[in-house]
Amino acid sequence: MEVVRAGRALLLAEQPQFKPHLWFVLTDPDGVPPRVVAVMLRTATRFTDTTLVLRPGDHPFVRHESSVHYSTARWFRVSSILAAVSGGRCHLMPDASEDLLGRVRAGLLASPFTVNAVREYCGPRFG
């Protein structure tokens, strides 16, 4: 079983604040070194991207309205994620359902906040 793959949900704490957020991995590992595209979920506020707002029941982690922040979508080296898991800064969460993964992917392509390079990379891979 691949630890890092499309549909995986990760509770990842990053610098500088090390506050954990849920990330959805949107692509399978690709390239040398292998990397994936992931996007962060944050509590919905009146200033957040509303392309996709999740509600309780959409994913076991979601307890209140949460926005997929497409401006955070970026590449992660698989080795960096595995190191974060080993170091206790990343925890595997229940995977996104096929439906949820499809909705998050569609939002990445639709959001005006997605970085163009990420959108162009992901578009053909979501086909």
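Contacts of Pro124 classified as side chain to side chain contact (heavy atoms under 4.5 Å, CB included), with partners at least two apart in sequence or in another chain: none. Legend: residues meeting ring-ring contact (aromatic ring centres under 6.0 Å, His included) with Tyr70, ordered by chain and number and at least two apart, are absent. Applying the side chain to side chain contact (heavy atoms under 4.5 Å, CB included) test to Ser97 and every residue at least two apart in sequence or in another chain returns Asp99, Leu100. Under the side chain to side chain contact (heavy atoms under 4.5 Å, CB included) criterion, Glu65 pairs with Ala44, Val53, Arg55, sequence neighbours left out. Not counting sequence neighbours, the partners of Leu11 by the side chain to side chain contact (heavy atoms under 4.5 Å, CB included) test are Pro20, Phe61, His91, Met93. With sequence neighbours excluded, no residue forms a ring-ring contact (aromatic ring centres under 6.0 Å, His included) with His69.
Arg8 contributes a side-chain N or O that, together with a main-chain N or O of Glu2, makes up a donor-acceptor pair within less than 3.5 Å. Side-chain atoms of Ser80 never come within 3.5 Å of backbone atoms of Phe76 as a donor-acceptor pair (strictly under, hydrogens ignored).
Criterion: ILVMFWY side-chain heavy atoms under 4.5 Å apart, direct or through other members. Under it, Leu26 and Leu10 are not part of a common hydrophobic cluster. Under a hydrophobic clustering in which Ile, Leu, Val, Met, Phe, Trp and Tyr are joined whenever their side-chain heavy atoms come within less than 4.5 Å, directly or via other members, Leu101 and Val118 fall into the same cluster. The cluster map of Ile, Leu, Val, Met, Phe, Trp and Tyr, joined by side-chain heavy atoms under 4.5 Å apart, puts Val37 and Trp23 in different clusters. Note: the hydrophobic cluster containing Met40 also contains Ile81 (ILVMFWY, side chain heavy atoms under 4.5 Å, direct or indirect links).
In this structure, the side chains of Asp28 and Val36 stay at 4.5 Å or more apart for every pair of heavy atoms. Looking at heavy atoms from C-beta onward, Leu22 lies in side-chain contact with His59 at the 4.5 angstrom threshold. Contact of the Val62 side chain with the Leu41 side chain is registered, since non-hydrogen atoms from C-beta on lie closer than 4.5 Å. Looking only at side-chain heavy atoms (C-beta outward), Asp95 and Arg5 come within less than 4.5 Å of each other.
Taken from OG in Ser66 to CG in Leu52, the straight-line distance is 10.5 Å, to the nearest 0.5 Å.
Residue pairs satisfying the ring pair (Phe, Tyr, Trp, His ring centres under 6.0 Å) criterion with at least one member in residues 103-127, sequence neighbours excluded, are listed as follows: Trp75-Tyr121. Within the structure, salt bridge (Lys or Arg N to Asp or Glu O under 4.0 Å) contacts touching residues 79-94 (residues at least two apart or in different chains) do not occur. Within the structure, every pair that satisfies the side-chain hydrogen bond (donor to acceptor under 3.5 Å, both in side chains) test and touches residues 35-49, not counting sequence neighbours, is listed here: Thr43-His64, Asp49-Thr51, Asp49-Ser111. Applying the salt bridge (Lys or Arg N to Asp or Glu O under 4.0 Å) test to every pair with at least one member in residues 113-127, sequence neighbours left out, gives these pairs: Asp30-Arg125. Residue pairs meeting the salt bridge (Lys or Arg N to Asp or Glu O under 4.0 Å) criterion with at least one partner in residues 70-84, sequence neighbours excluded, are Glu14-Arg74.
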| said: Evaluate Leu108 against Phe24 for side chain to side chain contact (heavy atoms under 4.5 Å, CB included), listing each step before the verdict. | reply: CA-CA 11 Å; Leu108 181 126; Phe24 291 114; over 6 Å; no
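Among all heavy-atom pairs drawn from Thr27 and Cys122, the shortest one is CG2-SG, 4.0 Å. Residue Pro34 comes nearest to Pro29 through the heavy atom pair CB-CB, 4.1 Å, listed as atom of the first residue, atom of the second, then distance.
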